[in-house]
Protein chains: 2
Amino acid sequence: MLHLALCFIFVINMEKRKKSIQVCFTPVLFPLYESSESIVVVIDVLRATSAMVTAFDNGVKSIIPVSTVEEALTYKEKGYLAAAERDGIIVDGFELGNSPFGYMQEKVKGREVVITTTNGTKAINVAKNAHKVIIGSFLNLKAVADYLIKENKDVLFLCAGWKDKFNMEDSLFAGAVATELINSDFFETECDSTRATIQLYSLAKNDLYSFLGNSSHRNRLAKLDLEKDIRYCLQESISDKVPVYKNGSIVVG
Amino acid sequence: MLHLALCFIFVINMEKRKKSIQVCFTPVLFPLYESSESIVVVIDVLRATSAMVTAFDNGVKSIIPVSTVEEALTYKEKGYLAAAERDGIIVDGFELGNSPFGYMQEKVKGREVVITTTNGTKAINVAKNAHKVIIGSFLNLKAVADYLIKENKDVLFLCAGWKDKFNMEDSLFAGAVATELINSDFFETECDSTRATIQLYSLAKNDLYSFLGNSSHRNRLAKLDLEKDIRYCLQESISDKVPVYKNGSIVVG
C-alpha cells in the first residue's frame, strides 16, 4: 500500500516537473551543455535555417547538411542538388547558396539537397548526438514552439552565431520561442543566456528589422545587397514545417 | 609637399578613427578575439573583481591571481596572505575567499595577496597577453570608463562568466561601461555582444538587484546566504581605483 502511494507521488511529481530551457550562444560552447535528453533547436536565422524551412515549404524531400565544401562537391558529382555558401556568397561551381529565394524554384521539388554553409550546417553537425535536433527560424516560430510544447522535453537552443561568436538574430529567435514556452507554463529556466534572450526579444519584437539595424550580420549581408533576404527571413510563423534531423539528413513529418 | 600633405591626412584620419568595443562572454571564447592592441577589462562582478577593487580600497599593496588552489597554497606556505574560493565557498585551510567584506580588515593593509577563484582569476590569466589588462566591477564603474576614455585604445570586455558559460551580472557591467564609452563619442561598436549588453543594461540600470532577481548566480549565492555580498557588489562607482595587471600581479597606479 505504501509502495503504491509512493509510486503515485512519484508520478505526480514527474508530471509536475517543468521542463528546462537553455540557450547556447555558439557551437564552441555546446560541449558545456548536457543534451542527450534534450531537443536541440538549431538556429541560423540569416540564412541557413530560414532557407531550409523555405526549401521544405517548396517540396524538397530531404536536406543533407555537410561541414565542408569538398563534401558538398562529392555529392554534387553523384548527381545531388548541392548548395554551398561561405561568407554570404554562393561558392563557385554551385547553383545554390543559403538564400531562401534559391529554394523557391520548381526544380527543388522532390529532391534531396546537400548543403554546406558558413555557420548553420556546422551547428547541426555539432548537435547530432542530442536526443533530437530540429531546425528553427522566425519563419516557423509558432510551429517550433507548438512542437516543443507537445514533445515536453528539456530544450536547448543552439545559435549558429557568426564564426563561433554570439550573434543577435539567432539569440532573438531563441528568446522568441523561449517566451512562448515560458508562457505555456510547462517550461521554466535557470539559465542566464535564456533570460538575456527573452529580455532582448521583448525589446525587439515590435520591429525586428529596425532592432537588427546595426547588427553585424545584417550589415554584412546588406553590403552584399541581400536586404530582400533579410526582410524575408524576419517574417514570423509563415511556415508550419518543423524539419527534424535524423540519421544524417533533415526531413519533415 | 605631397608627402607632407599625405602625412597630415593620415594624422587627421588617425585622430578621427573611433576606437572599437567588443564583449567576450566567457573565457572559452577569448581566443576568437584579437587583443594584442586592446585593453582587456576582466569582469567577475559576483565576486572576484569586486573583492579586488575593495581590497585596493583597503590598502592592499598587490594581488597575485593564480589559477589553482595548489598554487595559492604554495604561496601561503611562503607567508603570503592567501585567498581561495570554489563554488562560492572559502576553500578549507584559507582565511579569505572572494567576499569583499573579507578585504575590509586592517590586516590586509600593505600586504601582497594571492588569490584563486572559480572564474575570475582564470579570466585574468587567459587575457594576460593583451596590450593591457584591467579589473572592472560596478564598484569602480566610472573610474574604469574614465580610464578607458583617457587611454583611447580599442576595448575588449572579458566576462568571467560561470564555469565558462554566459552570466548576466558580468554582461550588465560590460553594457554599463560600453554605454559610457559610446556616449563619450570616442568609441563605436560593430559587435553584437556589445550591443546586447548595452540593451540589457538599459533594461536593468534602474534596479540592478531586481533585474538580477532570477539570475543563476544571484540565486546560487543567495542559497549560500550571501545577499549582503550581492547588494554590496551592485553599488555603482564607490571606488576610484583602477587595478592593472602587470607582470603577474595586479596593482593600482
Side-chain angles (χ1 to χ4, degrees), chain A residues 20-34 45-46 119 156-157 159-172 174-175 178 182 188-205 210-223, chain B residues 20-34 45-46 119 156-157 159-172 174-175 178 182 188-205 210-223:
Chain A
S20 74
I21 312 170
Q22 293 186 96
V23 177
C24 174
F25 283 140
T26 105
V28 181
L29 300 178
F30 192 76
L32 300 174
Y33 294 85
E34 172 51 55
V45 166
L46 296 177
N119 307 294
L156 173 55
F157 293 98
C159 301
W162 179 257
K163 298 195 174 178
D164 292 334
K165 289 181 183 173
F166 170 94
N167 85 17
M168 190 68 91
E169 64 276 12
D170 296 345
S171 310
L172 287 178
I182 296 286
E188 63 188 357
T189 188
E190 291 188 350
C191 162
D192 276 8
S193 5
T194 306
R195 290 194 181 109
T197 63
I198 289 173
Q199 296 287 354
L200 290 168
Y201 182 68
S202 76
L203 288 171
K205 65 182 177 187
S210 300
F211 190 86
L212 285 174
N214 289 314
S215 81
S216 57
H217 198 48
R218 213 200 95 173
N219 285 339
R220 202 174 291 120
L221 293 184
K223 280 177 197 157
Chain B
S20 73
I21 311 171
Q22 294 186 97
V23 176
C24 174
F25 282 140
T26 105
V28 181
L29 300 176
F30 192 76
L32 300 172
Y33 294 84
E34 172 50 56
V45 166
L46 296 176
N119 307 292
L156 173 55
F157 293 97
C159 302
W162 179 257
K163 297 194 174 178
D164 292 334
K165 290 181 181 171
F166 170 93
N167 85 18
M168 189 67 92
E169 63 275 11
D170 295 344
S171 309
L172 288 177
I182 296 286
E188 65 189 356
T189 188
E190 291 188 350
C191 162
D192 276 8
S193 4
T194 307
R195 289 193 182 109
T197 64
I198 289 172
Q199 297 286 355
L200 290 169
Y201 182 69
S202 76
L203 288 171
K205 65 182 176 186
S210 300
F211 190 86
L212 286 174
N214 288 315
S215 81
S216 57
H217 198 47
R218 213 200 94 173
N219 285 340
R220 203 174 290 119
L221 293 184
K223 279 176 197 155

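Here is the naming used below: chain letters follow the sequence lines, and residue numbers restart at 1 for every chain.
- Ranked by heavy-atom pairs under 4.5 Å with chain B, the first of T26(A), V28(A), L203(A) is L203(A).
- Closest approach of L29(B) and D164(A) over heavy atoms only: CD2-O, 3.8 Å.
- Of the two parts of S171(A), neither the backbone nor the side chain holds a non-hydrogen atom closer than 4.5 Å to a non-hydrogen atom of chain B.
- Heavy atoms of E190(A) lying under 4.5 Å from chain B belong exclusively to its backbone.
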Could you pull out all donor-acceptor pairs under 3.5 Å where a side-chain atom in residues 191-198 of chain B meets a protein atom, sequence neighbours excluded?
| residue | atom | partner | partner atom | Å |
| --- | --- | --- | --- | --- |
| D192(B) | OD1 | S216(A) | N | 2.8 |
| D192(B) | OD1 | S216(A) | OG | 3.3 |
| D192(B) | OD1 | R195(B) | NH1 | 3.4 |
| D192(B) | OD2 | M168(A) | N | 2.8 |
| D192(B) | OD2 | S216(A) | OG | 3.4 |
| S193(B) | OG | V23(B) | O | 3.0 |
| T194(B) | OG1 | I21(B) | O | 3.4 |
| T194(B) | OG1 | V23(B) | N | 3.2 |
| R195(B) | NE | N214(A) | O | 3.1 |
| R195(B) | NH1 | N214(A) | O | 2.1 |
| R195(B) | NH2 | N214(A) | O | 2.6 |
| R195(B) | NH2 | T189(B) | O | 2.9 |
| T197(B) | OG1 | T194(B) | O | 2.8 |

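- K163(B) meets the salt bridge (charged side-chain N to carboxylate O under 4.0 Å, His left out) test with D87(B); sequence neighbours excluded.
- Neither the backbone nor the side chain of E188(B) comes within contact range of chain A; no heavy atoms are under 4.5 Å apart.
- Atom CZ of residue F25(A) and atom CZ of residue F166(B) lie 5.0 Å apart, to the nearest 0.5 angstrom.
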